[in-house]
Amino acid sequence: MNIQEVLLHKVKEAVHTIYGQELPSVEFQPTRKDFEGDVTIVVFPMLRVIKGNPVQIGEQIGAFLKEHVDEVSDFNVIKGFLNIVLDDNFYLSFFNSIKSESNFGFLKESTDAIMVEYSSPNTNKPLHLGHIRNNLLGYSVAEILKASGRKVYKTQIINDRGIHICKSMVAWQKFGNGETPSSTGLKGDKLVGNYYVAFDKIYKEQIAQRIASGIDFKDAEKEAPILLEAKKMLLKWEAGDAETVALWKTMNGWVYKGFEVTYKNLGVDFDTLYYESDTYLLGKNVVAEGLEKGVFFKKEDGSVWIDLTEDGLDEKIVLRSDGTAVYMTQDIGTAIQRVKDHPDVNGMVYTVGNEQDYHFKVLFLILKKLGFSWSDKLYHLSYGMVDLPSGKMKSREGTVVDADDLMADMTQTAATISEELGKLEEYTDEEKGALYQMIGLGALKYYILKVDPKKRILFDPEESVDFQGNTGPFIQYTYARIQSILRKADSMGIDISESTASVELHIKEKELIKQIQLFPDTIQLAAENYSPALIANYTYDLVKEFNSFYQQVSILGEANEEKRILRVQLSKKVADVIQDAFRLLGIEVPERM
RNA sequence: GGUGGCAUAGCUCAGCUGGAUAGAGCACCUGCCUUCUAAGCAGGCGGUCCUAGGUUCGAAUCCUAGUGCCAUCACCA
């Protein structure tokens, strides 16, 4: 039974004893820093049951608690707020009970499985800043769900086919002169991306020419020669034309090699992969079945739709009149396939930008109407766009912040700052390089993950990401500082395996223990809300608290042995929590920096 | 036009089920390195919580209307 439950029970008892009334509930909140106390009980809501002066009621309940609850050492009442001071021993015994627990706050993996989809790029261009947010979010949410006790499958659906893929293929065929990643020294995804841009350039020129020669804009667009070529290629691909398929495989292979490097640097991974080329035909049978059941209806031209007007949405197409699949068809099929492949999954999370809110609303509703019981366990992890000061990023117009470039820039900035500070003399160049990357990526990841997922992010490439204040490097730095203390403590022969029985706690020690105590609930809250931002903000608060402690009290210089040991133990626990919390964000922590 | 999201300090963001004087970081100003790493600590400056109503003992938080920005409403993805 935790302390709040004890207090809840006792407050009710107090009200019963003193006023002879039954209290339906008690409102708790952490005591604000400006007042003395640890837990605050709000008296106002009690006035419905007990008539009287809130201050007086607070005093009487406070006195009762102090007398009847061991952990309550004191109290004070300010206006209608009863502030309870908890005994040092309460905090000490809590700390002693968890101090050697590894993975404190993490629940053991259960059989309750969930699938998290993220990344899901097109294979015609390199990954950019938008993908970075997606990847970091998806990866982190997956890790948080694991920590909250779920079994997690990370997955993605790779959009490896379709007209947009054919565009870069056509451009390469026409202007590529047989270029390959090894002949050019370019990363595969970059090379292919160049041809995607090249396609668009020619396409625009052709449209302009055609308009100049008097063709209507719509037709000029629809029937530009190079677009027709791409369309022709798509038909050939769907027909399984050997040459087209071979080219497709080759170019996608280049892209995958490139993506692999980016993913590795970003530190994300996947358990299972789905390819659109395998799944795009799935769902057609389901649509046929749904048509029989009357979930869908067919229009005169043969196209199949679902009517969602009663649910406040519109009519939505699920199959074209020529019988080909649209995205929705594929997504229906893929969802069903995933449940077949992983019979234990009890829910799926789709990490996709908020521009597709409507799509997922419809998808989930369709699956529900088709009668799949798991449809209400689907969640669209919808996140805001990453915009530049100039507006939206557009691949075709070259206004994107490239993922690889950005990571390299961040690493470079970390290197510059580190070298100015010059604390790493004994490191080899290799060790330094690894550390710079760790810090640079820590800055980037934290910067993106600390923001509530649903809010849009404005990213200014001119203004570099901060390394001070509420940032990844600040937290990494605190971790490194603690490691330094622990190394020193070890060399001094301080044994931290024993428990400290009973010492008076410094206010800062107490605050630290309180903050540590919040970690398990924070993980659960972050899991419930699919929000790494909650982990980030928690960690920041913990670290701020530690730095204040570090500044105010001497750890290794403390004369009293028990206190010295406790302080080292506390420092170690804070470091462990930082490391575990950052692991949930996909950020590494350094031994020194 | 219909639907959905967002709006808090100059900038970037917190603010849990409604609770005390709305909090951080950056920027700007002032102190603190002969003591465990100054990527730090302590302090100062800075607010019409978009606007107007409403519910409540109490509203940044809930409800209604409006304003602004973004997204979406295609046999696109």
Side-chain angles (χ1 to χ4, degrees), chain A residues 25 27-35 40 42-45 47-48 54 78-81 83 122 159 162-164 276 299 301-305 312-324 326-328 330-331 353-359 361-362 382 384-385 387 392 414 417-418 420-421 423 439 443 447 450-452 454-458 460 463 465-478 480-489 492 521-522 525 529 533-534 536-537 540-541 543-544 547-558 567-568 571 592-593:
Chain A
S25 64
E27 195 171 322
F28 293 100
Q29 57 183 276
T31 304
R32 293 179 57 128
K33 284 267 166 65
D34 335 325
F35 305 99
T40 294
V42 188
V43 180
F44 297 110
L47 299 178
R48 292 201 178 95
I78 294 165
K79 296 199 217 166
F81 298 92
N83 301 319
N122 293 340
N159 300 294
I163 190 73
H164 50 291
E276 195 188 322
K299 288 199 176 172
D301 60 9
S303 57
V304 180
W305 297 70
L313 304 173
D314 302 311
E315 289 183 354
K316 189 82 186 174
I317 190 161
V318 292
L319 208 60
R320 292 195 187 97
S321 54
D322 63 4
T324 56
V326 291
Y327 233 70
M328 191 61 80
Q330 172 195 309
D331 281 351
N354 63 11
E355 56 198 351
Q356 294 196 39
D357 285 356
Y358 186 73
H359 175 82
K361 214 179 260 184
V362 171
S382 163
M385 297 288 104
D387 292 326
K392 257 187 122 161
I417 294 174
S418 294
E420 273 171 23
L421 294 171
K423 297 182 189 175
I439 298 170
Y447 178 84
K450 77 171 176 183
V451 182
D452 185 331
K454 64 174 184 269
K455 291 193 174 171
R456 83 179 191 127
I457 290 182
L458 189 71
D460 189 346
E463 268 182 59
V465 173
D466 278 328
F467 282 66
Q468 284 171 2
N470 187 0
T471 67
F474 166 62
I475 293 167
Q476 289 172 319
Y477 173 70
T478 304
R481 257 179 162 182
I482 296 175
Q483 296 315 305
S484 172
I485 291 172
L486 296 178
R487 281 191 297 270
K488 201 159 284 187
M492 287 165 70
D521 286 348
T522 304
L525 198 63
N529 291 290
L534 297 176
N537 287 315
Y540 176 62
D541 288 339
V543 162
K544 237 182 0 173
N547 279 319
S548 180
F549 160 78
Y550 176 89
Q551 197 76 20
Q552 260 192 52
V553 307
S554 181
I555 298 165
L556 299 174
E558 167 61 41
R567 284 175 190 175
V568 177
S571 302
R592 301 167 208 270
M593 71 183 272

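From a predicted model like this one, the values you see are computed outputs, not experimental measurements. In what follows, every heavy atom counts, from backbone to side chain, and hydrogens, waters and symmetry copies are set aside. Letters go in sequence order (proteins before strands), and every chain restarts at 1.
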Asp460(A) CG to Ile457(A) CD1 distance, which is reported to the nearest 0.5 Å: 13.5 Å

Nearest listed nucleotide, side chain of Asp314(A), among rG40(B), rA39(B), rC73(B): rC73(B)

Nucleotide of rC36(B), rA39(B), rC57(B) approaching Phe474(A) most closely (side-chain heavy atoms): rA39(B)

Interatomic distance, [X] [atom1] vs [N] [atom2] [rounded to whole Å]:
X	N	atom1	atom2	answer
Asp541(A)	rA14(B)	CG	C1'	8 Å
Lys316(A)	rA74(B)	NZ	P	7 Å
Tyr550(A)	rC41(B)	OH	P	11 Å

Face-to-face contact Tyr477(A) to rG40(B) six-ring, under 5.5 Å, under 30°: no

Centroid under 5.5 Å and tilt under 30°, Phe81(A) to rG19(B): no

Syn/anti label of rC50(B) as read from its glycosidic torsion, with the cut at 90° from 0: anti

Pairing pattern in dot-bracket form [Watson-Crick, G-U; both distances under 3.5 Å; | = partner strand] for RNA chain B: (((((((..((((.....[...)))).(((((.......))))).....(((((..]....))))))))))))....

side-chain N/O Tyr358(A) vs rU72(B) OP1/OP2, d < 4.0 Å: no

Under 4.0 Å protein heavy-atom contact, by nucleotide of nucleotides 22-31 of chain B - B base, S sugar-phosphate only: -SSSS-----

